[in-house]
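Because only heavy atoms are used, hydrogens play no part in the values below, and waters and symmetry mates are left out as well, while side chains stay in. None of the values given here were measured: they were computed from a predicted structure.
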2 protein chains.
Amino acid sequence: MNLKQLSEKLGLSQTTISRALNGYPEVNEATRQRVVDAAERFNYRPNSRAKGLATGRALAIGHVIPIKTRHEMVNPIFGDFIAGAGETYAANGYEMVITMTEDSKEAEVYRSLKSRGAVDGVVVHGPTLNDPRIALLHRVGLPFVVHGRSSQVTQDYDWLDVNNRRAFERATRFLLDLGHRRIGLINGLETQEFAARRRAGYEAMLTQAGIAIDPALMRSDEMTEANGHRGAAEMLDGPDPPTAIVASSLISAIGVRRALEERQLKMGRDVSVLTYDDMLSYLRNGTDVPIFTAVRSSVREAGRRLAEILIRRIADPHGPPEHVMLEAELVVGQSTGPAPRWPAGQA
Amino acid sequence: MNLKQLSEKLGLSQTTISRALNGYPEVNEATRQRVVDAAERFNYRPNSRAKGLATGRALAIGHVIPIKTRHEMVNPIFGDFIAGAGETYAANGYEMVITMTEDSKEAEVYRSLKSRGAVDGVVVHGPTLNDPRIALLHRVGLPFVVHGRSSQVTQDYDWLDVNNRRAFERATRFLLDLGHRRIGLINGLETQEFAARRRAGYEAMLTQAGIAIDPALMRSDEMTEANGHRGAAEMLDGPDPPTAIVASSLISAIGVRRALEERQLKMGRDVSVLTYDDMLSYLRNGTDVPIFTAVRSSVREAGRRLAEILIRRIADPHGPPEHVMLEAELVVGQSTGPAPRWPAGQA
DNA sequence: GCGGCCATCCAAAGCGCTTTGAAACGATTC
DNA sequence: GAATCGTTTCAAAGCGCTTTGGATGGCCGC
């Protein structure tokens with residue numbers, strides 16, 4: 001069923017049908033009702049492509065996911081993020097278009113999306129320091145919002161980010177307050193902006209407390225269980241092991257826990273663990289009482305809100321840039337406790 | 001830059017440009033080269049919706065993700081699956097369109113995708129027993145492939161599935177061969193077809209070995225770390241605890257491991273654990289040597305192959321249905337060992 | 001009774017592409 | 001030299017919608 005057929009069936013012009021369905025005022029309320037009913041009855045919905053052609057809008061938003069050619073890693077937070085964004089899109093009549101691509105071809109993908117008119121805007125995921133995509137998208141003229149931030153970028157742009165620096169300041173502060181002096185950091189890849197900020201927060205608090213930064217207690221790697229385990233294992237087996245570890249994700253923290261348990265160390269007593277928690281739906285940090293003490297912020301909520309910003313930006317491409325900073329919340333679980341008098345293994 | 005502008009710039013008709021770019025034979029090779037070069041130079045790409053309108057094809061494939069209104073759970077394997085499917089789509093010029101929806105509105109979403117002509121076909125995720133979506137999609141006339149199977153559906157349809165039953169037969173058999181007699185099952189939600197099949201495989205092997213099915217050793221729930229932990233904890237604290245546990249996902253297995261460690265039980269010695277492993281990129285089962293003994297099959301590979309089937313189906317809507325059964329592979333890790341003489345806690 | 005003004009509806013143009021049917025032209029054949 | 005043919009190109013229709021610029025008719029005030 002298309003517009004023409006429906007119009008013939010109703011004895012009305014296509015114009016009137018279109019207007020009735022799109023809520024324009026110049027159509028009699030009785031007529032509108034008749035049209036709406038008929039559309040419902042005949043299961044009529046305007047063809048997306050035809051509508052897009054006529055209006056010049058795609059009513060779609062793109063997410064370009066770089067699949068790292070080396071790691072072949074799909075970011076685990078991705079699922080929850082787009083679930084959040086998807087809610088907002090659905091509520092606003094937008095479609096979500098996802099493109100997986102080798103990171104080397106990412107620029108080409110953006111150009112293509114723009115010149116083919118496939119989407120009205122895009123979300124930039126996982127910005128690095130001085131991320132080249134931002135300048136590219138500005139140049140190409142494709143509206144976008146960044147999930148995170150990229151420093152050293154000169155132009156202003158829309159972004160939504162968690163205050164990662166402050167989150168890790170708090171986390172480190174919390175452990176310092178418990179008397180810990182040797183605190184390890186199992187971070188994400190520090191080429192990613194968020195990880196760099198987390199490290200900055202960690203270092204700032206140590207420095208403020210007069211504690212020297214020790215590279216032996218810092219790891220920067222893809223946030224997997226295996227890497228969390230390896231990093232913690234190396235630290236714990238080192239000459240001067242930490243009494244506390246800050247991890248950048250719940251998955252890494254699970255690896256850390258495994259390293260502790262292998263060494264018969266009790267988490268929260270012998271070694272404290274504090275993690276960042278994205279609040280993923282399938283990886284809850286305990287049910288009622290949290291397992292890990294954590295700084296947390298819902299990535300799903302971030303998706304929802306970022307999508308709202310992007311939709312506004314598409315409606316008004318030249319308005320002033322929006323910046324949203326989310327603060328992570330500290331929740332105390334069972335994985336932290338006062339620093340032991342003697343570090344683990346030396347008691 | 002659109003077709004018309006490009007054609008004027010080249011002094012050729014739009015017809016010729018279109019044909020040259022789409023590889024039709026009736027255009028002089030020299031002319032084609034000239035056109036291709038110009039398109040490249042002016043960064044011209046045909047508008048997606050105009051092309052779609054003219055051809056009647058969307059060049060897009062839909063994935064409808066039901067967000068369970070109660071659980072609000074995003075399936076963790078989803079990310080890797082669409083990464084695989086995305087590779088195939090990209091290679092074939094298809095776009096991936098994702099719609100998140102409450103499960104109650106899922107039927108409406110399919111109808112809408114079809115009548116708006118938004119996609120050429122869809123992937124059905126997570127089929128339940130006698131899944132209503134299959135009949136619906138047949139009725140609506142939207143090409144689809146099911147990831148998994150749904151029994152009790154009368155019509156034939158395309159599917160790609162792992163042989164879940166055999167995988168769990170093997171897993172159970174392996175533990176039986178090690179001398180285990182009390183084997184627990186931490187399964188996914190058995191309203192999902194795959195989980196039901198896994199249970200059937202588990203039960204079949206126990207029965208074959210002359211062991212009575214004990215409901216006290218079986219759990220069926222969303223596959224989260226917390227549920228894995230709770231299920232294992234209950235079994236282990238029960239009157240007649242298992243010496244081995246089969247888990248339905250690596251995430252559940254991690255919860256099981258936590259329950260063991262809380263009880264000072266050594267995995268692989270006191271209690272054996274065998275898990276199903278979807279081989280998610282961010283949740284590897286160890287690096288070189290697997291941590292968990294597992295039956296495994298790559299969900300990413302499944303995504304790739306399923307997408308190929310769907311693309312063939314779209315090209316030939318009335319061809320014979322394709323069925324692909326993937327066999328899971330058994331890999332031996334450190335989490336299994338011979339059954340202890342006395343069950344844990346009773347030594 | 002007439003011009004003017006709403007309210008309501010419509011015909012047709014246009015969005016950017018593909019594709020049909022035909023034209024133009026040189027080469028080949030009889 | 002006319003008829004035929006193959007190659008290459010083009011004009012125009014059509015995909016299904018939105019939107020512009022009227023048309024129509026009823027109603028008001030004068």
Respond yes when some side-chain nitrogen or oxygen of A/Ser13 is under 4.0 Å from OP1 or OP2 of C/dC10, and no when none is. yes
Rounded to the nearest Å, what distance is computed from the OH atom of residue A/Tyr24 to the C1' atom of nucleotide C/dT8? 16 Å
In whole Å, I'd like the distance from the CG atom of A/Asn28 to the C1' atom of D/dG26. 13 Å
Between atom NZ in B/Lys51 and atom C1' in D/dC15, what is the gap in whole Å? 15 Å
Where the side chain of B/Asn2 is concerned, which of D/dT9, C/dC17, D/dC17 is the nearest nucleotide? C/dC17
Looking only at heavy atoms, the pair that brings B/Arg57 and B/Tyr94 closest together is NH1-OH, 4.0 Å
May I ask you to verify if any side-chain N or O of B/Thr16 is less than 4.0 angstrom from the OP1 or OP2 atom of D/dC10? yes
Tested for salt bridge (charged side-chain N to carboxylate O under 4.0 Å, His left out) against B/Arg149, the lone hit among B/Asp161, B/Asp131, B/Asp156 is B/Asp161
Can a side chain N or O of A/Asn22 be found less than 4.0 Å away from OP1 or OP2 on D/dT18? yes
Calculate the interatomic distance between A/Glu26 atom CD and C/dC6 atom P; express it in whole Å. 15 Å
Side-chain atoms of B/Ala54 come closest, of D/dC17, C/dT18, D/dT9, to C/dT18
Please report, rounded to the nearest Å, how far the P atom of C/dG14 is from the CZ atom of B/Arg49. 22 Å
What's the closest nucleotide to the A/Arg19 side chain, out of D/dC17, D/dT20, C/dC9? D/dT20
By nearest nucleotide on DNA chain C, pick out whichever of A/Ile17 and A/Ala50 is the more 5' one. A/Ile17
Could you check whether A/Arg116 pairs with B/Glu95 (Lys NZ or Arg NE/NH1/NH2 to Asp/Glu carboxylate O, under 4.0 Å)? yes
When the nearest nucleotide of DNA chain D is assigned to A/Leu3 and to B/Val27 on a heavy-atom basis, which residue is associated with the more 5' position? B/Val27
Using a heavy-atom cut-off of under 4.0 Å over every strand shown, decide if B/Thr55 touches base, sugar-phosphate, or nothing. sugar-phosphate
What about B/His138 and B/Tyr157, are their ring centers closer than 6.0 Å? no
Could you tell me whether B/His63 and B/Tyr89 have their ring centroids closer than 6.0 angstrom? yes
Give a yes/no answer on whether the side chain of B/Thr15 brings an N or O atom under 4.0 Å of OP1 or OP2 in D/dT9. no
Here the distance between atom P of D/dC15 and atom CG of A/Leu53, to the nearest Å, is 14 Å
Whole angstrom is fine here: how far is it from CD in B/Gln14 over to P in C/dT20? 17 Å
Rounded to whole Å, please give me the gap between CG in A/Leu59 and P in D/dT18. 11 Å
